[in-house]
Protein chains: 2
Amino acid sequence: MADDQLSRVFAALADPTRRDIVARLAVGDATVGQLAEPYDVSMQAVSKHLRVLQDAGLVSRSRDAQRRPCHLEAEVFDLMTKWLERYRRQAEERFRRLDAVLAAMNEEDDGDQQDTTNKQTGAAS
Amino acid sequence: MADDQLSRVFAALADPTRRDIVARLAVGDATVGQLAEPYDVSMQAVSKHLRVLQDAGLVSRSRDAQRRPCHLEAEVFDLMTKWLERYRRQAEERFRRLDAVLAAMNEEDDGDQQDTTNKQTGAAS
DNA sequence: TTCGTATGCAACCGATTGGTTGAGTAAGAG
DNA sequence: CTCTTACTCAACCAATCGGTTGCATACGAA
């Protein structure tokens with residue numbers, strides 16, 4: 001179901017263990033073993049988490065002898081920030097409009113408060 | 001597994017249909033039927049999506065006769081933004097440190113050239 | 001070559017997810 | 001009251017998820 005990048009990123013970060021891994025990689029690169037150590041799950045489980053993070057573009061991996069160090073890719077955060085910023089702006093805009101309506105209602109506050117409010121038409125994601 | 005708020009929010013937004021619903025609610029409040037109409041899924045399915053969004057704190061719902069209008073709660077976005085900002089800052093910080101190391105290496109670049117740097121994989125997409 | 005370390009891959013399992021259909025509920029209209 | 005509208009709830013189902021175990025692989029060391 002999660003086919004696009006944004007879906008993969010959000011799905012990846014929906015797991016606390018994976019967010020924890022991201023937190024540790026933000027401090028510095030680490031191997032699978034190092035990442036697995038603080039948890040009481042198998043290394044294969046952590047390896048799976050890393051595959052999810054990698055598919056989401058959140059981490060990249062290189063080779064160092066038999067180790068596969070993981071590196072946090074920070075650019076993906078920009079994608080999320082951009083997505084978020086859009087709705088924050090829209091929410092603020094809506095808030096401003098609501099304020100305006102309220103102010104207008106105060107000014108001429110006799111009868112007739114029928115809604116000139118929003119019926120929306122959808123946007124896409 | 002997704003018990004905390006952040007997990008619920010990310011999980012909720014991992015679905016393209018739910019992000020779409022958020023996009024439409026950002027424009028203005030809507031009923032379940034209005035939200036379901038553009039998709040070729042049952043209203044029950046949309047109702048389930050809305051329950052997920054509600055549990056994540058992303059939407060609230062009121063009552064208007066037999067209708068249940070949905071309203072986007074923008075505050076949750078602050079939670080995500082805060083989470084994101086933390087890693088963006090850390091990434092920048094790391095980047096600055098790497099720059100410093102590189103600069104230091106340039107300054108004393110006579111003999112002795114083994115890298116004490118982070119091995120890091122190339123940039124990305 | 002053989003051994004140990006670090007990791008990946010595949011198969012399996014129980015819980016969750018996104019969808020369905022069908023029945024039930026809340027409220028205005030006739 | 002009954003009918004219709006607008007939903008929710010409950011049961012079910014296939015697919016996915018997070019975990020496991022067991023085996024295969026890549027590489028350095030002995």
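Values in this document were obtained by computation on a predicted structure and should not be read as measured data. Proteins get letters first, then strands, A, B, ... in listed order; numbering begins at 1 in each.
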Over how many whole Å does the gap from [X] atom [atom1] to [N] atom [atom2] extend?
X	N	atom1	atom2	result
Arg67(B)	dG28(C)	CZ	C1'	9 Å
Gln66(B)	dA27(C)	CD	P	9 Å
Tyr39(A)	dT20(D)	OH	P	14 Å
Asp20(A)	dG18(D)	CG	P	15 Å
Arg8(A)	dC17(D)	CZ	P	12 Å
Met43(B)	dT25(C)	CE	C1'	12 Å
Asp15(A)	dT17(C)	CG	P	12 Å
Arg61(B)	dC7(D)	CZ	P	8 Å

Problem set entry | Phosphate OP1/OP2 of dC7(D): any Thr31(B) side-chain N/O under 4.0 Å | yes
Just by distance, do the side chain of Arg67(B) and the backbone of Gly33(B) share a donor-acceptor pair under 3.5 Å?
->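 Side chain of Arg67(B) to backbone of Gly33(B), a donor-acceptor pair under 3.5 Å: no, none is there.
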Here the gap from Leu13(B) atom CG to Leu13(A) atom CG, rounded to the nearest 0.5 Å, amounts to 11.0 Å
Checklist line | Closest non-hydrogen atom pair, Ala12(B) against Arg18(B) | finding: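 Between these two residues, the closest heavy atoms are O-NE, 2.7 Å.
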* Asked: Does one side chain, of Arg19(B) or Ser7(A), offer a donor that lies under 3.5 Å from an acceptor on the other?
  -> yes
Salt-bridge contact Asp55(A)-Arg51(A) (side-chain N to carboxylate O under 4.0 Å):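 Answer for the salt bridge query: yes.
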(message) Closest-nucleotide mapping onto DNA chain C: is Arg68(A) or Lys48(A) further toward the 5' terminus? I mean the 5' end.
(response)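 In this pair, the answer is Arg68(A).
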On DNA chain D, more 5' by nearest nucleotide between Gly33(B) and Arg18(A) is Gly33(B)
*Same apolar cluster (I L V M F W Y, side chains within < 4.5 Å links), Val52(A)/Leu6(B)*: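 Hydrophobic grouping puts Val52(A) apart from Leu6(B).
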Would you say Tyr39(A) and Val27(A) are hydrophobically clustered, going by side-chain heavy atoms of ILVMFWY under 4.5 Å?
no
The correct set of residues in residues 49-56 of chain B placing a heavy atom under 4.0 Å from DNA chain D is none
How is Ser47(B) classified with respect to the nucleic acid when contacts are heavy atoms under 4.0 Å: base, sugar-phosphate, or nothing?
sugar-phosphate
For this session: Ignoring hydrogens and angles, answer whether the base of dG18(C) and the side-chain atoms of Gln44(B) contain a donor-acceptor pair closer than 3.5 Å.
Result: no
